[in-house]
Amino acid sequence: MRLICLLALSITVSLALDNGLARTPPMGWMSWTAFYCEMNCQKHPHACINEQLYMDMADRMAADGYLAVGYKGVHVDDCWMDRQRDAAGRLVSDPQRFPSGMKSLAKYMHDRGLTFGIYEDYGTKTCAGFPGSYGFLQMDAQSFADWDVDYLKLDGCNINLDLMPVGYPEMARALNATGRPIVYSCSWPAYLINQPQKVDYNVIGEYCNLWRNFDDINSSWKSIMSIISYYDHMQDKHIPTHGPGKWHDPDMLVIGNAGITPDMARAQMTIWCIWSAPLIMSNDLRNIAPVFRDILQNKAVIAVDQDPLGKMGRLVANTTDVGVYLKPMTPVDSATGETSFAIGILNRNPVNRNSVEFVLGRLGLSSPGGYRIDDLWTGQLVGVFRPTDSFQTVVNPTGANMFKATPVALANLKGLRFATFK
Ligand SMILES: *[C@@H]1O[C@H](CO)[C@@H](O)[C@H](O)[C@H]1NC(C)=O
Ligand SMILES: *[C@@H]1O[C@H](CO)[C@@H](O)[C@H](O)[C@H]1NC(C)=O
Ligand SMILES: *[C@@H]1O[C@H](CO)[C@@H](O)[C@H](O)[C@H]1NC(C)=O
């Protein structure tokens, strides 16, 4: 009896998605939220879905510092295809807008040290009505591998929802069978948002490297808030099923777009990094203001997102306006097991600044030796605090502050002393 159980267990374990990819949350750029499905290149020559758009973004990523801080994927979204498959049933790119073809576009990315992501849909058609992969999963996986694609986003429009647990694993196996390492992003749970009892993230994590599970983002504070609120309420389900190789994806960064202020941009970046979320920008890198570029390229903030522990942070205190988030991260004290923490403090109020004060130990910062605390947005050292000390900060409306707390035993103290922050 016992032997049979162990065997069953080992079989389950070997089925887990084991492609060794996305050990830290994917970072890059994707077209959808900035350019949607604009196909009129006569009217919008610099803002339509064509190969030039992706080449332009690749150039900016390589030349303007994004690649250097970790944004390496250039991701095509819907509307890249021709309306018909070819005579052999294979997908083909739109001949007017992608005349060089997808393999050539992949090469353009690889020549610049970038990776190339593509979009398909599990259903009979994509969300915008182009040929879907239903009935063609193996053939399409092979096309992506032949084109040297590094990442697939598989959407879930136009398919019976009961087939989700069949098709998404089938594509996982088809990708694996090509022998090419391809990061696999699934929209599977996003389409089951009204049937949460059918969403088992342990199962999804066996087949997908990341997955969307909520509404599409758009460039508004309302949209950012709705995603944060959903994730806040789902955190007990999300946190244990999130980690290296399997990430919940709250959707793209809208930083740099009209409608998003610098405070909102810092708020989105803070919370996404506290979650160890994928950092996939959707904006126009050809004309982004320096203030937004600096927010997107803040190395200390990105290091929180890319921390090797890969833990999703937790909302640990909540008032009408303010949420305080805590994310355990490296460095970890190997002797005591005490971790460092990133702290995110979000002010949801649209007009009022909020002064926030809390005793560190009450929220879980309980290392008896205390912590060195650094402000990650200003780059300034705040001070050294005991768990019994009170910590205070003022947060702008629609903004967030972000700190890192490192246990004193692991921190560079440069002769600092304990001092209660006033
Ligand atoms: C395919 O799956 C096997 C077993 O899980 C794994 O060892 C291998 O790395 C995978 N290959 C690719 C290309 O994903
Ligand atoms: C953006 O998202 C919000 C929240 O989901 C929604 O209420 C709003 O209608 C969306 N705006 C657009 C232009 O789609
Ligand atoms: C946090 O507080 C706000 C305001 O009271 C509330 O709307 C929200 O539901 C709370 N979040 C959680 C996760 O309880």
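Note that ligands are numbered from 1 as they come in the structure, with each ligand's atoms numbered from 1 the same way. Being a predicted model, the structure only gives us computed values, none of them experimental.
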Open item on the list: Determine whether the aromatic ring centres of residues F35 and H44 are separated by less than 6.0 angstrom.
Closed with: no
Task: Closer than 4.0 Å: a protein non-hydrogen atom to atom 11 (N) of ligand 2 - done: yes
- [ ] Would you kindly specify which portion of M225 sits under 4.0 Å from ligand 3, judged on non-hydrogen atoms: side chain, backbone, both or neither?
- [x] neither
Task: Verdict with supporting geometry, N257 and S219, side-chain hydrogen bond (donor to acceptor under 3.5 Å, both in side chains) - done: CA-CA 6 Å; N257 297 336; S219 299; 3.0 Å; yes
Open item on the list: Between W29 and H75 (judged by ring centroids, cut-off 6.0 Å), do the two rings come close enough to count as a pair?
Closed with: no
Task: Atom indices of ligand 3, in the order listed, that fall short of 4.0 Å to a heavy atom of L315 - done: 13 (C)
Task: Ring centres under 6.0 angstrom apart (Y168, Y122) - done: yes
Open item on the list: Any atom of ligand 3 sitting under 4.0 Å from a heavy atom of D321?
Closed with: no
- [ ] Look at atom 2 (O) of ligand 2 and find which of I224, I227, D216, N218 reaches it with the closest heavy atom.
- [x] N218
Task: Contact partition for N318 relative to ligand 3, non-hydrogen atoms under 4.0 Å - done: side chain
Open item on the list: Any nitrogen or oxygen of S220 lying under 3.5 Å from a nitrogen or oxygen in ligand 2? Just yes or no.
Closed with: no
Open item on the list: Within ligand 3, which atoms have a heavy atom of R348 less than 4.0 Å away?
Closed with: 1 (C), 2 (O), 3 (C)
Open item on the list: Could you check whether F116 and H110 have their ring centres less than 6.0 Å apart?
Closed with: no
Task: For atom 5 (O) of ligand 3, the protein heavy atom that lies nearest, with its residue and separation - done: T320 CA, 3.9 Å
Open item on the list: If the cut-off is 4.0 Å to any non-hydrogen atom of K222, which atoms of ligand 2 fall inside it?
Closed with: 7 (O)
Open item on the list: Just by distance, no angles: are the side chains of R293 and N283 close enough, under 3.5 Å, to form a donor-acceptor pair?
Closed with: no
Open item on the list: Could you check whether D59 and Y108, counting side-chain N and O atoms only, form a donor-acceptor pair closer than 3.5 Å?
Closed with: yes
Task: Ring-face cation of R314 near Y325 (centre distance under 6.0 Å, axis angle within 45°) - done: no
TODO: Determine, using ring centers only, whether F391 and F358 are less than 6.0 Å apart.
DONE: yes
Task: Protein residue, atom and distance nearest to atom 4 (C) of ligand 2, heavy-atom basis - done: S223 CA, 3.9 Å
Open item on the list: Do D263 and T398 pair up side chain to side chain, a donor and an acceptor below 3.5 Å, judged on atom types alone?
Closed with: no
Task: Numbering as shown, the atoms of ligand 3 that approach D232 to under 4.0 Å (heavy-atom distance) - done: 13 (C)
Task: Heteroatom distance test (N176, ligand 1): nitrogen or oxygen, under 3.5 angstrom - done: yes
Open item on the list: With a cutoff of 4.0 Å, is G179 in contact with ligand 1, counting heavy atoms of the residue only?
Closed with: yes
Task: Any Q235 heavy atom less than 4.0 Å to ligand 3 - done: no
Task: Any protein heavy atom nearer than 4.0 Å to atom 7 (O) of ligand 3 - done: no
